[in-house]
Amino acid sequence: MIKNLSRRRFLQLTGISTTGLVLGASGLAYWRHRKNSFIPLPAELPESAQTFNLFVHIETDDTVHIVVHRSEMGQGIRTGFAQVVAEELQADWQHIVVVQADGASSYGSQSTDSSRSMRDNYQRLREMGASARHMLEHAAAKYWGISPDLCQAQNHQVVRQDNLATLRFGELALTAATLSPPSLPELTFKNKDQFKYIGKKIPSVDLNDIVLGQAKYSADLQFPNTLYACIQRSPVLGDEVDHAGSAESIADVNGLSGVRKVHPIGIPTSKSQFKPLAGIAVVADSTWQALKAKRALNIQWKNKEEHSKFNSDDYIQELKNNLNKSGKILRQKGDTQAALNRSNNKHSAAYTLPYLAQAPMEPMAVVVLYDKKNINVWAGVQDPQNTKWQLHLHLGHDYDDIHVHVPLLGGSFGRKASPDFVLEAAEIAMHFPGNTLQLQWSREDDIQHSYYHSASAVQLEAGFNDNREINAWHAKSCFPSIAATFSGKEEYPASWEMELGLVNTPFVIEHETVECFSAVAHTRSGLMRSVSNIQHAFAVGSFVDELAIASGRDNVAMWLAMIGRDRYIDYSDHGYELGNYSESLTDFPFDNRRLKHVLHWVAEHSSYKATASSGSGCGLSCHYSFLTYVGIAVKVRLEQNQLKVDEVHCAIDCGTVVNPDRVIAQSEGAIVMALSAVLMGNISFKDGQVEQSNFHDYPVLRMHQTPKIRVHIVNSDTKPTGAGEPVMPVVAASLTNAIVAAGGERIRDLPVNKIYRV
Amino acid sequence: MIKFTVNQKTVEADDDIADMPLLWFLRENQNLKGTKFGCGIGQCGACTVHMNGNAIRSCSVPLATLANADITTIEGLASKVGADATTSYQVGSSKQTETLHPVQQAWVEGDVPQCGYCQPGQIMAAAAFLKQNPAPSDQDISEGITNICRCGSYVRIRQAIKNAAKNMS
Ligand code: FES
Ligand code: FES
């Protein structure tokens with residue numbers, strides 16, 4: 001439902017005072033995505049959350065403000081949302097100004113994760129635009145004293161159909177503001193062939209600011225009376241500062257010029273949640289002084305046995321061993337064990353991945369202003385609402401006096417969904433009322449204190465029957481669940497983590513078992529672009545290729561045989577209710593034809609079918625995640641021990657596309673990020689501490705390693721689905737399959753640079 | 001006192017901050033926030049500026065070494081220093097394009113940036129690179145441009161550099 005918003009409310013939410021028309025829409029389901037959340041959330045939905053979620057505002061000077069309530073981190077959501085509203089509004093793009101929403105429950109979910117901003121909002125945004133247009137047309141009808149049927153909005157004005165007189169949107173804004181918004185059945189929408197903005201390449205609204213160096217990220221905001229902070233955090237999870245042992249060093253650093261204060265911060269616990277890690281904060285007159293002072297600190301730590309012996313190489317072996325214990329069965333059909341026992345042609349393989357760090361280009365930075373009543377925070381976070389709530393829990397400060405503003409994020413990839421750094425900054429800022437406190441993380445802080453993508457082990461086993469068909473499939477996965485970071489206990493992978501690619505395989509197999517195994521967590525883990533799809537798609541895509549080779553079949557033929565006849569995939573016949581990324585199977589059916597299509601496309605358009613020359617090869621894989629279907633073909637060359645990735649071809653079917661250029665950019669970026677991880681991504685722990693510290697020992701892809709990339713978007717009229725993440729998990733298997741095709745080794749333990757130079 | 005110019009304006013830095021890297025001086029003393037901090041050890045190039053026309057990584061260059069140097073930052077690259085660029089972070093889309101440097105222009109035409117954080121550094125690196133090598137091959141670009149873009153905009157950067165080279169020749 002759409003309501004006419006009071007101008008005062010609009011001012012409260014956006015800081016923009018207005019005289020024109022303001023609309024809000026209500027009823028966007030919010031907490032449903034999180035109903036099984038392990039993150040502490042408000043016990044009840046705040047009443048205001050039912051009211052409004054996003055807003056259109058038309059100013060008398062023709063300016064249209066479009067409020068975007070999801071965070072911009074390079075995916076182009078500020079532009080995409082505006083395109084959809086402007087389309088149905090019949091607005092002129094020149095007059096669009098995008099306003100970034102603060103954290104407020106009124107907006108509905110602001111959680112910018114799971115590649116769902118457009119999926120969650122596409123229809124609502126169209127309704128917002130169409131309602132505003134309807135009201136402008138009715139305002140014009142009223143002014144001219146004619147039937148609204150004769151008034152049609154186009155290009156930022158309403159045209160009178162009988163004599164072609166016109167009124168600009170700005171001229172109509174005040175009258176429109178006095179009308180009540182239309183009900184849903186009164187709204188009309190454009191057809192696809194009338195679209196001017198949706199489906200078109202529209203440049204990012206932040207493009208010029210970015211190339212001029214004017215785009216503002218958190219640390220770029222300039223306030224008076226700013227103090228600058230850095231933190232030395234416990235290198236081992238749960239460790240605490242040995243205050244007696246550190247006193248001398250702390251006193252020395254306190255005496256350095258420019259240093260205002262050195263004091264303890266955080267809580268030593270394994271149940272870290274979003275709480276600051278235990279450490280020592282240095283507050284100084286400039287970031288440079290704070291960084292220098294931090295470097296001068298020599299903190300002694302009190303070890304707790306729990307994590308101080310943690311060694312990730314051994315741990316990955318342990319995860320693999322765990323797969324032979326008894327696990328928790330999530331989905332089962334038939335009698336897999338009996339079928340495997342009967343089969344005289346069965347195969348099994350285990351795959352592992354190390355820890356990975358998101359390493360967004362902008363290290364975490366936060367600005368906090370505490371004025372003894374209000375806490376104002378400027379922080380590039382993926383979810384300003386959760387940030388606000390966590391600040392409230394951590395500081396015990398009145399929820400309504402906490403304000404979270406969201407500048408641009410210099411990348412995130414899941415890292416800034418965890419607001420630990422904001423809690424740190426606010427904890428320090430409470431000691432400096434009246435001053436602005438800016439916290440800067442160094443790259444070393446980022447690499448060593450991430451919410452990592454967990455190390456993992458996956459084992460797959462399949463048995464052929466006498467007709468060379470696979471009739472038994474046993475999938476097992478072991479990794480420390482993200483839930484363990486919140487409970488502090490050993491946990492099984494959560495069902496939502498398992499539904500990222502292992503429970504929801506697209507196969508028709510007579511006997512199937514999907515099982516997960518618990519693991520103790522020794523570090524914080526969290527979201528990284530496509531989350532556990534990374535290990536699951538790597539294992540499944542590799543194993544299908546191994547089965548193809550073992551049975552003398554082509555990779556595509558093997559996939560098709562396993563995917564089976566055309567159908568909507570649904571596991572309810574054996575009692576499994578698929579979470580389906582929180583969407584119903586009616587609205588978003590899991591359609592195996594779309595998966596086959598993307599696989600065919602990359603097989604046809606890459607050099608997959610060309611005769612292989614020695615030392616080069618092409619590998620394929622496909623995967624369904626975030627309701628999107630992706631096929632990838634990778635072409636590599638292997639010379640002596642040197643691997644070169646030459647080409648990556650990608651077909652993505654993500655339903656209706658609002659901005660194809662941004663979908664292509666996201667796909668290119670996800671391919672590059674995946675190559676970083678597959679070729680050389682490795683965060684390792686020794687004695688509980690991360691061994692890497694910066695880009696020299698946690699390398700990411702650079703220009704010279706970047707292949708030619710081609711992205712094909714499948715034309716589709718279905719509802720929009722995810723674009724930011726689903727390309728990421730498909731690259732690993734395509735690449736390692738290509739290495740085998742080029743005559744190289746089958747790599748089951750990533751990264752590739754353990755075996756080949758990259 | 002260390003004297004040098006930043007975007008053609010003379011600036012002075014006290015000797016007691018002689019060990020401060022140029023990056024922090026630009027950001028916190030000069031309020032030029034376009035130059036970014038990405039790694040602090042010369043690895044990523046987010047902090048790239050020009051010193052006497054050459055690309056340098058300002059996080060690793062202390063003020064002490066800058067006496068009489070001419071520094072250009074991203075804010076000084078366009079001929080009109082982003083006159084119409086918006087100052088509020090809330091509102092996107094600076095309207096001015098006509099005075100952009102050809103590299104910036106190519107960046108706009110290719111819609112290169114994703115998050116944008118590395119891009120001032122990429123643009124400064126590319127502008128200096130093209131002065132040395134006005135008609136680079138793919139291979140030259142791979143070897144000459146070593147800045148990190150974690151968003152993975154490399155294919156577009158590569159193309160934009162080639163387009164800029166064409167427009168500048
Ligand atoms: S911040 Fe200077 S090179 Fe990374
Ligand atoms: S655009 Fe985000 S790091 Fe390059």
Side-chain angles (χ1 to χ4, degrees), chain A residues 15 73-76 78 97-100 201 203-217 219-222 228 257 286-288 291 359-363 407-411 413 440 442-443 661 665-666 668-673 694-696 700-704 706 708-709, chain B residues 16-17 20-21 24 27-28 31-41 43-44 46 73-75 77-78 82 85-87 89-97 100 104 107-108 111 113-120 123 141-143 145-158:
Chain A
M73 42 200 178
Q75 81 279 43
R78 284 161 55 86
V97 174
V98 170
V99 177
Q100 189 66 38
K201 175 184 158 127
S204 158
V205 294
D206 298 307
L207 182 56
N208 278 18
D209 280 349
I210 289 171
V211 303
L212 288 163
Q214 302 291 333
K216 295 287 182 272
Y217 306 84
D220 300 337
L221 306 169
Q222 182 82 16
Y228 299 84
S257 99
S286 73
T287 301
W288 172 238
L291 282 167
M361 203 72 230
E362 174 205 27
L408 295 176
L409 280 68
F413 317 112
Q440 179 67 56
S442 65
R443 178 59 60 195
D661 190 57
Q666 282 298 295
E668 291 165 347
I671 287 165
V672 168
M673 181 163 282
N694 206 315
F695 290 124
H696 65 288
V700 297
L701 216 72
R702 295 183 197 250
M703 181 75 82
H704 73 276
T706 303
K708 293 209 166 67
I709 297 176
Chain B
D16 62 354
I17 57 165
M20 183 188 274
W24 298 112
R27 290 185 54 82
E28 289 172 11
N31 194 19
L32 292 168
K33 307 281 192 178
T35 306
K36 306 297 185 203
F37 169 61
C39 71
I41 59 165
Q43 276 281 325
C44 75
T73 70
I74 186 73
E75 290 90 347
L77 190 68
T86 50
T87 46
Y89 70 89
Q90 284 199 316
V91 183
S93 158
S94 340
K95 295 284 190 278
Q96 173 216 15
T97 51
L100 296 179
Q104 289 169 314
W107 248 244
V108 168
D111 216 336
Q114 289 185 35
C115 80
Y117 193 80
C118 74
Q119 301 296 347
I123 289 168
I141 294 172
S142 281
E143 281 162 18
I145 299 293
T146 57
N147 288 22
I148 292 174
C149 173
R150 186 60 168 150
C151 294
S153 64
Y154 298 119
V155 285
R156 291 175 189 237
I157 292 176
R158 195 187 279 150

- Note on the structure: With chain A, the option among B:I145, B:D16, B:N147, B:N31 that has the most non-hydrogen atom pairs under 4.5 Å is B:N31
- Mind ranking B:T35, B:I148, B:I141 by heavy-atom pairs under 4.5 Å with chain A and telling me who comes out on top? B:I148
- Query: Tell me, do A:M703 and B:T146 make a side-chain contact under 4.5 Å, heavy atoms counted?
  - Reply: no
- Would you find a donor on one side and an acceptor on the other, under 3.5 Å apart, between the side chain of B:R150 and the backbone of A:P360? no
- Engaged part of A:M361 at the chain B interface, taking heavy atoms whose separation is under 4.5 Å: both
- With only heavy atoms counted, which part of A:I671 is less than 4.5 Å from chain B, the side chain, the backbone, both or neither? neither
- Note on the structure: All heavy atoms of B:C115 vs all of A:G410, minimum pair found to be SG-C, 3.5 Å
- Message: Donor-acceptor check, side chain of B:R158 to backbone of A:T706, threshold 3.5 angstrom: yes or no?
- Response: yes
- Task: Measure the shortest side-chain to side-chain distance between B:Q104 and A:L212 over non-hydrogen atoms and say whether it is less than 4.5 angstrom.
- Result: yes
- Leading residue by heavy atom contact count with chain A [cutoff under 4.5 Å; candidates B:Q114, B:Q119, B:K36, B:E143]: B:Q114
- Between B:E28 (side chain) and A:T287 (backbone), is there a donor-acceptor pair under 3.5 Å? yes
- Note on the structure: In this structure, CZ of A:R443 is separated from CD of B:Q43 (nearest 0.5 Å) by 11.0 Å
- Can any side-chain N or O of B:Y117 pair as donor or acceptor with the backbone N or O of A:Y217 at less than 3.5 Å? no
- Query: Between A:Q440 and chain B, which part of the residue has a heavy atom less than 4.5 Å away: side chain, backbone, both or neither?
  - Reply: side chain
- Message: Walk me through whether A:L291 and B:W24 qualify under side-chain contact (heavy atoms from CB on, under 4.5 Å).
- Response: CA-CA 11 Å; A:L291 282 167; B:W24 298 112; 3.7 Å; yes
- Heavy-atom proximity to chain B below 4.5 Å, by part of A:V672: side chain
